[in-house]
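Order of the sequence lines fixes the chain letters, A, B, ..., with proteins taken first and strands second; residue numbering starts at 1 for each chain.
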Amino acid sequence: MTMKIFNSYTNALETFVPRHPGVVSMYVCGPTVYNYIHIGNARPVVFFDTVRRYFAAKGNRVRFVSNFTDVDDKIIAKAKEQGKDEASVSQFFIDAFLRDVAALGSSVDYVQPRVTRYMDKIIDYIADLVKEDYAYVVDGDVYFRVSKFAEYGRLSNRKLDDLIAGARVEVNEKKESPLDFTLWKKTAEGIRWDSPFSVGRPGWHTECVAMIDDIFGEEIDIHGGGMDLMFPHHENEIAQACAHDHHRVARYWMHNGRLDIGGEKMSKSLGNDIKVKDLAGDLRGYRMYLLATHYRAPLSFSLENLESYQKEWAKDEKSVQTLFRTLDRNRTLQPHAVLSDPEIASTLTQFDEAMENDFNTPNALTAWNVLLKIINNLLRRPSEPSVMNQALEAARYMLGVLGLEPVLKPLDGEERALFTAWDDARKAKDFAAADRFRAELVRRDLI
RNA sequence: GGACCUAUAGCCAAGAGGAAAGGCAAGGGACUGCAACUCCCUGACCGUUGGUUCGAAUCCGACUAGGUCCUCCA
């Protein structure tokens with residue numbers, strides 16, 4: 001099979017070949033930590049984690065990096081408002097972010113560079129751009145000279161003339177061109193650093209390329225983020241990297257589509273923004289909801305749909321748990337089953353084909369549903385332990401890739417005895433006792 | 001003003017030129033000591049309208065409705 005990825009840079013479906021065989025390098029734009037993340041922020045968090053899981057499941061070593069933007073006007077404003085320093089504000093929301101990420105079933109085990117800890121490298125990067133004449137200093141501010149980069153606009157498919165025509169009346173007269181973007185801003189307020197240009201702080205476009213250059217030291221395989229970052233942020237990253245590092249940051253650019261609420265943009269002014277931490281119920285149901293739509297398509301959120309997917313996820317998890325417990329009760333659990341059953345094997349093929357087709361997670365979920373039906377049928381009647389173990393193995397693989405991992409715990413002696421007692425009571429037609437044991441099993445969430 | 005995206009059953013959603021996947025909800029049936037879970041069966045003039053084609057949900061044009069970007073935003 002061949003991995004196909006839609007490359008936003010070329011606007012085409014391309015065969016994915018990592019630069020170094022067996023190693024996939026990924027960078028995903030992370031959050032500006034001035035608030036809790038909302039449900040739209042969860043989309044790239046879940047999707048790119050799934051990409052990572054798939055590559056890892058296929059035996060690759062995945063080098064996954066995602067930054068924290070902990071220098072920003074909004075953080076400074078928040079710190080001022082709360083009478084704290086910027087570092088404690090950003091640390092608070094970094095912690096909150098990582099809790100949300102974990103609750104969504106995404107791994108928090110990745111490289112997490114922060115702007116505040118990258119200041120020297122960011123300043124050096126900007127200084128290099130100035131030295132090479134790709135950037136210029138005016139009154140302590142530094143701007144990137146877009147006119148020097150002929151390919152500007154290629155990623156977002158824009159023409160320079162259109163951009164200039166559409167540009168707002170530029171209040172900043174220091175810039176040579178309204179398209180030039182800020183690399184460094186001189187400031188007397190808030191968190192700031194000394195630099196060869198002035199005392200100030202960096203613009204937010206340089207951090208990602210400085211981090212990528214430092215951590216990977218070469219063009220990476222995949223750069224991901226939301227479609228709304230394509231312009232200007234990613235365009236600006238490419239411009240800087242081409243000037244400084246002589247490559248386009250990443251060989252494959254991936255952009256996820258936007259999430260809205262009931263067809264309306266989610267925004268504070270409409271009063272319809274929802275924070276991840278405020279969602280009720282198991283967030284893995286939300287993960288399933290997010291993965292049920294292809295990552296590039298727009299997704300319209302509703303609480304009704306969330307509940308529907310949460311219910312579905314609960315049923316799915318229950319089936320796998322029942323399969324696991326049945327094998328456990330019969331002492332026929334095998335740690336690693338070899339997949340020889342053709343029906344089960346074909347669901348795996350179907351699953352992989354979906355994933356290899358530009359991470360078509362909706363179709364991967366369809367393959368999962370086929371396997372789920374097989375599992376439920378195996379559970380309806382006495383079945384071969386070896387086939388059941390294969391089904392469990394396949395389920396673990398698929399759900400592991402999707403980040404929807406059921407909690408599977410072996411039964412302890414007491415639980416095992418309870419199942420036996422229930423069985424015995426039913427066999428003896430002592431239904432009053434059977435109902436008591438059943439109620440206890442339900443109470444313990446074992447059936 | 002410029003650049004785009006989306007429109008498939010009550011809801012969610014695949015499919016991207018050759019007989020409309022899947023899930024949820026709903027109805028019917030089966031299993032069960034009674035339940036729950038589960039299983040089986042039942043659903044589509046693919047936004048409207050012109051065109052291209054032997055053949056269009058899929059390609060092209062127009063229209064309608066929503067949305068995005070050009071300005072902080074995943």
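Under the 6.0 Å distance and 45° angle rule, A/Arg296 counts as a cation-pi partner of A/Phe6.
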* So A/Glu14 and A/Asn7, side-chain hydrogen bond (donor to acceptor under 3.5 Å, both in side chains) or not? Walk me through it. -> CA-CA 7 Å; A/Glu14 294 178 1; A/Asn7 189 347; 3.2 Å; yes
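B/A21 and B/U52 are spaced 29 Å apart, taking the P atom of each and rounding to whole Å. Nucleotides B/C40 and B/C34 place their C1' atoms 22 Å apart, quoted to the nearest Å. Here the separation of B/G17 from B/G1, taken at their C1' atoms, is 37 Å to the nearest Å. Nucleotides B/A26 and B/U68 are separated by 36 Å at their C1' atoms, to the nearest Å. Taking the P atom of each, B/A9 and B/U49 are spaced 16 Å apart, rounded to whole Å. Atom C1' of B/G22 sits at a distance of 31 Å from the matching atom of B/C60, rounded to the whole Å. Taking atom C1' in both B/G23 and B/U58, one finds a spacing of 23 Å when rounded to whole Å. B/A13 sits 9 Å from B/A7 when the P atoms are compared, rounded to a whole Å.
Taking atom CG of A/Asp73 as the reference point, atom P of B/U71 lies 17 Å away to the nearest angstrom. Atom-to-atom, CG of A/Leu229 to P of B/C70 comes out at 10 Å; the value is rounded to the nearest Å. At whole-Å resolution of the value, NE2 in A/His234 and C1' in B/A74 are 9 Å apart. In this entry the distance linking CG of A/Leu155 with P of B/C4 reads 15 Å, nearest Å. When the C1' atom of B/C72 is taken as reference, atom CD1 of A/Ile37 falls 18 Å away, rounded to whole Å. One atom, CZ of A/Arg296, and another, C1' of B/A74, lie 17 Å apart when rounded to the nearest Å. Distance A/Phe68 CZ to B/A74 P: 13 Å, rounded to the nearest Å. A/Leu179 places its CG atom 15 Å from the C1' atom of B/C69, with the value rounded to the nearest Å.
A/Asn236 and A/His233 are not linked by any side-chain donor-acceptor pair at a separation below 3.5 angstrom, with hydrogens and angles left out of the test. Side-chain atoms of A/Asn67 and A/Tyr118 include no donor-acceptor pair closer than 3.5 Å. With hydrogens and angles left out, the side-chain atoms of A/Ser106 and A/Arg52 include no donor and acceptor closer than 3.5 Å. A/Gln91 and A/Asp95 are linked by a side-chain donor-acceptor pair at a separation below 3.5 angstrom, with hydrogens and angles left out of the test. A donor-acceptor pair shorter than 3.5 Å can be found between the side chains of A/Glu356 and A/Tyr54.
Side-chain rings of A/Phe48 and A/Phe64 stay apart, their centers remaining 6.0 Å or farther from each other. Side-chain rings of A/Phe97 and A/Phe68 approach one another, their centers coming within less than 6.0 Å. A/Phe351 and A/Tyr397 have their aromatic ring centers within a separation under 6.0 angstrom. Annotation: A/Phe93 is in aromatic contact with A/Tyr36 [ring centroid separation under 6.0 Å]. When ring centroids are compared, A/Tyr286 and A/Phe301 come within the 6.0 Å threshold.
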At a cut-off of 3.5 Å, list every protein nitrogen or oxygen paired with a nitrogen or oxygen from nucleotides 15-17 of chain B, distance to 0.1 Å.
{"from": "B/G15", "atom 1": "OP1", "to": "A/Asn360", "atom 2": "ND2", "distance (Å)": "2.8"}

I'd like a table of atom pairs between the protein and nucleotides 8-12 of chain B - only N or O on both sides, under 3.5 Å - with the distance next to each one.
{"from": "B/C11", "atom 1": "O2'", "to": "A/Asn305", "atom 2": "OD1", "distance (Å)": "3.0"}
{"from": "B/C12", "atom 1": "O2'", "to": "A/Tyr309", "atom 2": "OH", "distance (Å)": "2.7"}

Just the table, please: protein N/O against nucleotides 30-33 of chain B N/O, every pair under 3.5 Å.
{"from": "B/G33", "atom 1": "N1", "to": "A/Asp435", "atom 2": "OD1", "distance (Å)": "2.9"}
{"from": "B/G33", "atom 1": "N2", "to": "A/Asp435", "atom 2": "OD2", "distance (Å)": "3.1"}

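Considering only side-chain N and O atoms, A/Lys315 lies under 4.0 angstrom from the phosphate OP1 or OP2 of B/C24. Listed pair A/Lys318 / B/A36 fails the phosphate criterion, with no side-chain N or O lying under 4.0 Å from OP1 or OP2.
Remark: A/Thr322 pairs with A/Lys318, A/Thr326, A/Leu379 by the side chain to side chain contact (heavy atoms under 4.5 Å, CB included) rule, at least two apart or across chains.
Side-chain N or O atoms of A/Ser90 include one that pairs as donor or acceptor with a backbone N or O of A/Ala87 at under 3.5 Å.
Heavy atoms of A/Gly225 sit under 4.0 angstrom from primed sugar atoms or phosphate atoms, though from no base atom. Contacts of A/Asn369 with the nucleic acid, taken as non-hydrogen atoms under 4.0 Å apart, involve only primed sugar atoms and P, OP1 or OP2. Using a 4.0 Å heavy-atom criterion, one finds that A/Leu259 contacts the bases of the nucleic acid, with or without backbone contacts as well.
B/U32 is unpaired under the criterion used here, namely a Watson-Crick or G-U wobble arrangement in which both key atom distances are under 3.5 Å. The pairing partner recorded for B/C59 is B/G51, the criterion being a Watson-Crick or G-U wobble arrangement whose two distances lie under 3.5 angstrom. Nucleotide B/A16: unpaired (no Watson-Crick or G-U wobble partner with both distances less than 3.5 Å). The partner of B/G1, taking Watson-Crick or G-U wobble pairs whose two distances both stay under 3.5 Å, is B/C70. If you check B/C46 for Watson-Crick or wobble pairing at under 3.5 angstrom, you find it has no partner at all. In this structure B/U6 sits in a base pair with B/A65, meeting the Watson-Crick or G-U test at under 3.5 Å.
A ring-ring contact (aromatic ring centres under 6.0 Å, His included) check over residues 361-389 of chain A, counting only residues at least two apart or in different chains, returns nothing.
When each of B/C24, B/A74, B/G67 is scored by its nearest atom to the side-chain atoms of A/Glu312, the top-ranked nucleotide is B/C24.
The stretch residues 370-379 of chain A touches RNA chain B through A/Lys373, A/Asn376, A/Asn377, each having a heavy atom within less than 4.0 Å of the strand.
Position along RNA chain B of the nearest nucleotide to A/Thr366 versus A/Lys74 favours A/Thr366 as the more 5'-ward residue.
Closest heavy-atom contact between A/Ile212 and A/Val249: CD1-CG1, 3.6 Å.
Counting heavy atoms from C-beta outward, A/Val65 and A/Met211 have side chains that stay 4.5 Å or more apart.
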